[in-house]
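Quick notes on the structure that follows.
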There are 2 protein chains.
Amino acid sequence: MRSKFRSTCPIATALDIIGDKWSLLILRDMLTSGKKTFKEFSESQEGIAPGILSARLKWLEENELITKQKLPHNQKENIYLLTEKGIELAPIIMELIIWSDKNLRVQNPEMPSISQIGDISNKSALIAGIQNNYRRLIQETLGINP
Amino acid sequence: MRSKFRSTCPIATALDIIGDKWSLLILRDMLTSGKKTFKEFSESQEGIAPGILSARLKWLEENELITKQKLPHNQKENIYLLTEKGIELAPIIMELIIWSDKNLRVQNPEMPSISQIGDISNKSALIAGIQNNYRRLIQETLGINP
DNA sequence: TAATTTTACTACTTAATCGATAGTAAAAAT
DNA sequence: ATTTTTACTATCGATTAAGTAGTAAAATTA
């Protein structure tokens with residue numbers, strides 16, 4: 001196949017991987033809510049259709065933003081976890097939240113206050129906290145497992 | 001009309017406005033290359049179709065990320081300029097560049113080095129510089145004009 | 001152990017959006 | 001006066017998304 005990238009621009013390249021309507025929301029659910037299963041993603045507020053969710057998870061796995069595996073004591077559930085490459089999307093997600101909070105509340109007034117996420121004045125500490133939190137979740141999910 | 005937003009999540013809300021395949025690339029061209037006209041956007045590396053460009057510019061204008069106007073001495077060219085709301089997207093664009101540079105170069109090796117953009121170790125200064133640069137461009141375009 | 005429920009999908013149909021190209025009208029340049 | 005430029009619109013086929021139903025295997029419950 002031809003290159004999947006439109007150009008050599010890093011912004012365009014990033015958008016070719018995560019610039020669709022759903023990918024960043026799935027990654028958001030993983031990073032900020034610890035969601036791990038198909039069912040959990042299906043239940044999120046925006047209502048993604050199963051076919052699209054399925055395609056997106058496959059795409060994200062192919063591009064190594066997430067992994068898919070089963071836990072030893074459950075052969076039914078697939079567990080989706082972020083890779084480091086995926087965890088490093090946290091700053092992008094955070095900047096989207098900040099911009100939205102400041103500029104789109106007029107259009108979407110039901111948006112929850114940004115203070116519920118954490119202390120924005122410490123941006124990099126907040127991002128690092130979310131990332132370390134997620135790394136701990138991975139350990140809990142995979143590490144201490146009979 | 002019903003709300004144009006899928007949910008009250010700030011991330012989803014941001015993506016409902018700028019989460020398509022092209023908007024951020026148009027905004028990139030404005031912010032980092034000073035592009036201002038339909039023709040200039042048409043000529044960019046990724047090759048956006050005129051119908052889509054037209055629709056996107058209309059959408060971005062409706063959502064007040066850009067303005068559209070004619071200069072007194074040229075009744076033909078439309079001049080598109082970022083609003084403050086649009087200029088404030090700079091941090092998101094910067095984080096996309098940083099993530100892409102670090103994580104997607106393996107897949108798209110032709111990507112230019114990030115050092116060409118500026119000194120990343122001074123992230124917020126770099127962003128502020130780009131933004132102030134753009135504000136100066138607006139002044140040059142509109143202010144000192146016979 | 002058998003029946004029910006849960007999970008992770010696939011399949012299908014319809015609707016919306018995208019993409020490529022051609023064409024047009026008005027302004028500007030020659 | 002003619003040509004070129006600019007900013008589009010129109011059209012049509014291709015791709016993607018949305019919504020719903022259905023299925024197979026695993027897990028749970030009776």
Side-chain angles (χ1 to χ4, degrees), chain A residues 1-7 12 15-26 29-30 35-63 66-81 141 145-146, chain B residues 1-7 12 15-26 29-30 35-63 66-81 141 145-146:
Chain A
M1 66 159 167
R2 290 260 308 295
S3 167
K4 61 183 159 195
F5 300 114
R6 282 176 284 181
S7 75
L15 295 177
D16 285 338
I17 303 293
I18 54 160
D20 67 280
K21 204 171 160 184
W22 293 104
S23 291
L24 276 175
L25 296 187
I26 297 169
D29 283 346
M30 300 177 85
K35 292 188 183 176
K36 295 185 293 290
T37 62
F38 195 95
K39 183 166 183 270
E40 287 174 315
F41 301 131
S42 293
E43 286 165 354
S44 72
Q45 201 183 162
E46 292 85 8
I48 187 171
I52 295 175
L53 177 55
S54 178
R56 284 303 130 199
L57 290 170
K58 207 161 288 171
W59 172 256
L60 294 172
E61 194 194 355
E62 279 168 21
N63 285 282
I66 66 175
T67 60
K68 175 183 179 175
Q69 56 199 299
K70 289 185 200 297
L71 296 181
H73 60 283
N74 189 331
Q75 284 312 109
K76 187 181 167 191
E77 270 188 338
N78 285 321
I79 302 294
Y80 297 94
L81 292 171
T141 307
N145 229 77
Chain B
M1 66 160 169
R2 289 258 307 297
S3 167
K4 62 183 157 195
F5 300 113
R6 282 176 284 181
S7 75
L15 294 178
D16 285 338
I17 302 292
I18 54 159
D20 66 280
K21 203 171 161 184
W22 294 104
S23 290
L24 276 175
L25 296 187
I26 296 169
D29 283 346
M30 299 177 85
K35 291 189 184 177
K36 297 184 291 289
T37 62
F38 196 96
K39 185 169 182 269
E40 286 174 317
F41 302 132
S42 293
E43 286 165 355
S44 72
Q45 203 182 164
E46 292 84 8
I48 186 170
I52 295 174
L53 176 56
S54 178
R56 283 302 129 199
L57 289 171
K58 208 160 286 171
W59 172 256
L60 294 173
E61 194 193 355
E62 278 167 22
N63 285 281
I66 66 175
T67 60
K68 175 183 179 177
Q69 57 200 297
K70 289 185 200 296
L71 296 180
H73 61 284
N74 189 331
Q75 284 313 108
K76 188 180 166 191
E77 270 189 338
N78 284 320
I79 302 294
Y80 297 94
L81 292 171
T141 307
N145 228 75

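Letters go in sequence order (proteins before strands), and every chain restarts at 1.
- Here K21(A) reaches the OP1 or OP2 of dA18(D): one of its side-chain N or O atoms lies under 4.0 Å away.
- Between N78(B) and K70(B), some side-chain heavy-atom pair lies under the 4.5 Å cut-off.
- Atom OG1 of T37(B) is separated from atom NZ of K76(B) by 11.0 Å, given to the nearest 0.5 angstrom.
- Summarising the geometry, the separation between CD1 on I26(A) and C1' on dC9(C) is reported as 14 Å, rounded to the nearest angstrom.
- Residue S42(B) is out of contact with every strand shown, counting any heavy-atom pair closer than 4.0 Å.
- The shortest side-chain heavy-atom distance between F41(A) and L57(A) falls under the 4.5 Å cut-off.
- The side chain of N78(A) contributes an N or O atom lying less than 4.0 Å from OP1 or OP2 of dC9(C).
- In this structure, Q69(B) places its CD atom 14 Å from P of dA7(D), rounding to the nearest Å.
- Regarding I48(B), its CD1 atom lies at a distance of 14 Å from the P atom of dT9(D), rounded to whole Å.
- Here K58(A) does not pair with E62(A) in a salt bridge; the nearest charged N to carboxylate O distance is not below 4.0 Å.
- Judged by distance alone, with hydrogens and angles left aside, the side-chain atoms of W59(A) form a donor-acceptor pair with the main-chain N or O of I17(A) at under 3.5 Å.
- Taking 4.0 Å as the cut-off between side-chain N and carboxylate O, R6(B) and D16(B) count as a salt-bridged pair.
- When rounded to the nearest whole Å, the span between CZ of F38(A) and C1' of dA8(C) equals 6 Å.
- Between K68(B) and Y80(B), some side-chain heavy-atom pair lies under the 4.5 Å cut-off.
- Protein atom CD of E40(B) is 13 Å distant from nucleotide atom C1' of dA7(D), rounded to whole Å.
- Within 4.0 Å (heavy atoms only), F41(B) reaches no atom of the nucleic acid at all.
- In this structure, Y80(B) reaches the dC8(D) phosphate: one of its side-chain N or O atoms is under 4.0 Å from OP1 or OP2.
- For the pair T141(A)/I79(A), a side-chain contact is recorded, criterion being any heavy-atom separation below 4.5 Å from C-beta on.
- Per the geometry, NZ belonging to K39(A) stands 21 Å off P belonging to dA25(D), to the nearest Å.
- For the contact set between residues 49-62 of chain A and DNA chain D, defined by any heavy atom under 4.0 Å, the members are A49(A), P50(A), I52(A), R56(A).
- Following rounding to the nearest Å, R6(B) (CZ) and dA17(D) (C1') show an atom-to-atom distance of 11 Å.
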Between the protein and nucleotides 27-30 of chain C, list every N/O to N/O distance that falls short of 3.5 Å.
residue : atom : partner : partner atom : Å
dA27(C) : N3   : K76(B)  : NZ           : 3.4
dA28(C) : OP1  : N74(B)  : OD1          : 3.4
dA28(C) : OP1  : Q75(B)  : N            : 2.6

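- One interatomic measurement links the two molecules: NZ of K35(A) to C1' of dA8(C), which rounds to 16 Å at whole-angstrom precision.
- Counting heavy atoms from C-beta on, the side chains of L15(A) and L25(B) come closer than 4.5 Å.
- The side chain of K70(A) places no N or O atom within less than 4.0 Å of a non-bridging phosphate oxygen (OP1 or OP2) of dA25(D).
- Distance CG/L71(A) to CD/E77(A): 7.5 Å, rounded to 0.5 Å.
- Considering only side-chain N and O atoms, W22(A) lies nowhere under 4.0 angstrom from the phosphate OP1 or OP2 of dT16(D).
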